[in-house]
Amino acid sequence: MNSRCSQYQGVLEAYADYLPLTPKTPRISLREGGTPLYHLNRFARAMGLPAYVRLYAKYEGANPTGSFKDRGMVVAVAKALEEGATAIMCASTGNTSASAAAYAAACGLRCFVVVPAGKIALGKLAQALTYGAKVIAVDANFDEALRLTKEITSSNPVVLVNSVNPYRLEGQKTAAFEICDTLGLVPDYLAIPVGNAGNITAYWKGFKEYHAKGKIRHLPRMLGFQAAGAAPIVRGHPIESPQTVATAIRIGNPAGWKGAVQARDESGGTIEAVTDEEILNCWETLAKTEGVFSEPASCASLAGVVKLARDGYFEAAKVKRIDDPVRNGEPVLTVVAVLTGNGLKDPGLAMERAPSPVTVPADRNAIEREMGLR
Ligand code: F0G
């Protein structure tokens with residue numbers, strides 16, 4: 001690496017003090033992390049959020065493979081290399097496979113991914129295949145794919161890189177650090193989509209570590225959101241055939257169930273369900289009011305915030321703290337919603353829902369007519 005290089009160096013470099021690194025851990029990087037935090041003012045007003053809610057989005061779609069998975073994958077793959085691994089494996093609804101495949105390619109490892117056949121968004125599949133992973137589709141849902149993957153990796157020299165691998169959560173917790181570092185304060189609420197429940201567990205771990213180190217003065221309340229047709233934690237039991245348009249979180253029996261419940265209960269937050277219609281409405285409104293294209297599953301977090309606001313949740317929970325920002329003498333609640341993946345992951349769904357482009361003759365008059373200028 002060129003010593004004069006001023007480029008951002010990625011998660012292992014940025015948060016080395018908080019990660020389980022040894023002198024032998026290779027400092028690999030695809031420049032993951034360092035993602036934007038957007039103030040969603042136009043979206044918040046369009047969705048009728050009360051003025052005292054200041055809504056931000058942590059846009060994880062800006063990661064190298066287009067999802068938050070890169071933060072955890074870089075740590076999991078670095079540790080696998082340190083331990084002498086030559087192959088990694090995961091089950092996936094798509095994003096984990098894209099991320100695992102990319103880091104394996106960058107580090108010369110073999111990569112195997114097991115995915116539910118026909119249920120992976122096009123962009124994710126294209127990534128895993130192009131990065132050179134061996135993609136194995138099974139006629140089963142994610143939960144069964146993960147069960148099989150765990151079984152295979154427990155008796156073969158292949159490292160499991162799903163979020164049951166603790167190094168994944170270590171890396172993913174860095175997003176919580178970044179939010180606090182960027183805002184200069186801890187948000188009052190952190191809203192996040194919940195699928196296999198690794199990410200909500202990782203964020204909560206991150207906030208608690210920053211709190212223990214005295215970096216933040218209080219902890220946020222954790223708000224997790226599942227898709228209504230795939231909401232085992234909300235319903236209180238596994239869902240055998242989870243269904244949702246948000247394929248990334250189409251999971252019926254999350255491996256991180258306990259961690260999610262712990263995050264909810266320790267923080268005094270909640271985990272709720274949002275419908276596909278609520279998710280898609282926020283997904284489209286976000287793109288049209290903010291210029292932010294995220295994948296549908298990501299918008300479970302925004303749909304959840306909108307729903308809770310309509311139910312008066314934030315009104316009832318409004319609490320004044322000494323270091324709260326104030327607007328017109330009133331306390332402002334800071335809510336950060338995590339947008340976990342990039343909209344380009346699922347171009348199929350976007351094209352299904354968007355109007356078709358109009359085709360006209362290559363003629364100035366015809367184009368001006370379409371523009372409403374004639
Ligand atoms: N959002 C996106 C875009 C995801 O890809 C996932 C999970 C989640 C949210 C939920 O995060 O599982 O930590 O609760 N995707 C996994 C995968 C399951 O295989 O890519 P979680």
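Every number for a ligand or one of its atoms is a count from 1 in the order of the listing.
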With backbone taken as N, CA, C and O and side chain as the heavy atoms from C-beta onward, which portion of E295 lies under 4.0 Å from ligand 1: side chain, backbone, both, or neither? side chain
Is K345 touching ligand 1 with its side chain, its backbone, both, or neither, if touching means heavy atoms under 4.0 Å apart? neither
Considering only non-hydrogen protein atoms, determine which one is nearest to atom 8 (C) of ligand 1 and report residue, atom name and distance to 0.1 Å. I249 CG2, 3.6 Å
Heavy-atom distances under 4.0 Å decide this one: backbone, side chain, both or neither, for S92 against ligand 1? both
For a quick test of your reading: what N or O donor-acceptor pairs under 3.5 Å do the side chains of residues 173-183 make, sequence neighbours left out?
from : atom 1 : to   : atom 2 : distance (Å)
K173 : NZ     : Y18  : O      : 2.7
K173 : NZ     : E170 : OE1    : 2.5
K173 : NZ     : E209 : OE1    : 2.9
K173 : NZ     : E209 : OE2    : 3.2
T174 : OG1    : R71  : NH1    : 3.2
T174 : OG1    : G171 : O      : 2.7
E178 : OE1    : G34  : N      : 3.3
E178 : OE1    : T35  : N      : 3.4
E178 : OE1    : K58  : NZ     : 2.6
E178 : OE1    : R71  : NH2    : 2.9
E178 : OE2    : G34  : N      : 2.7
E178 : OE2    : R71  : NH1    : 3.0
D181 : OD1    : Y210 : OH     : 3.0
D181 : OD2    : Y15  : OH     : 2.8
D181 : OD2    : Y210 : OH     : 2.9
T182 : OG1    : E178 : O      : 2.7

Is the Y59 ring parallel, tilted or perpendicular to the Y38 ring (thresholds 30°, 60°)? tilted
Between K124 and ligand 1, is there a nitrogen or oxygen pair with a distance under 3.5 Å? no
Pick whichever of N162, T96, N95 has a heavy atom sitting closest to atom 3 (C) of ligand 1. N95
Just wondering, do T334 and Y189 contact through their side chains at under 4.5 Å, heavy atoms? no
Protein residue, atom and distance nearest to atom 18 (C) of ligand 1, heavy-atom basis: T93 OG1, 3.5 Å
Minimal heavy-atom distance between D276 and A227, with the atoms involved, is OD1-CB, 4.3 Å
Any N or O of P193 closer than 3.5 Å to N or O of ligand 1: no
Would you say V194 has any N or O atom under 3.5 Å from an N or O of ligand 1, going by distance alone? no
Please write down residue, atom name and distance for the protein heavy atom closest to atom 16 (C) of ligand 1. K69 NZ, 2.9 Å
Examine ligand 1 and decide if any of its atoms is less than 4.0 Å from a heavy atom belonging to A197. yes
Compute the shortest N/O to N/O distance between Q172 and ligand 1 and return yes if it is under 3.5 Å, no if not. no
Would you check whether G198 has a nitrogen or oxygen atom less than 3.5 angstrom from a nitrogen or oxygen atom of ligand 1? yes
heavy-atom search around atom 11 (O) of ligand 1 in the protein gives F68 CZ, 3.5 Å
Considering only heavy atoms, does I200 approach ligand 1 within less than 4.0 Å through its side chain, its backbone, both, or neither? neither
Would you check, one step at a time, whether the test side chain to side chain donor-acceptor pair (under 3.5 Å) holds for W204 with E266? CA-CA 9 Å; W204 184 233; E266 286 181 1; 2.8 Å; yes
Got the closest protein heavy atom to atom 13 (O) of ligand 1, with its distance? N199 N, 2.8 Å
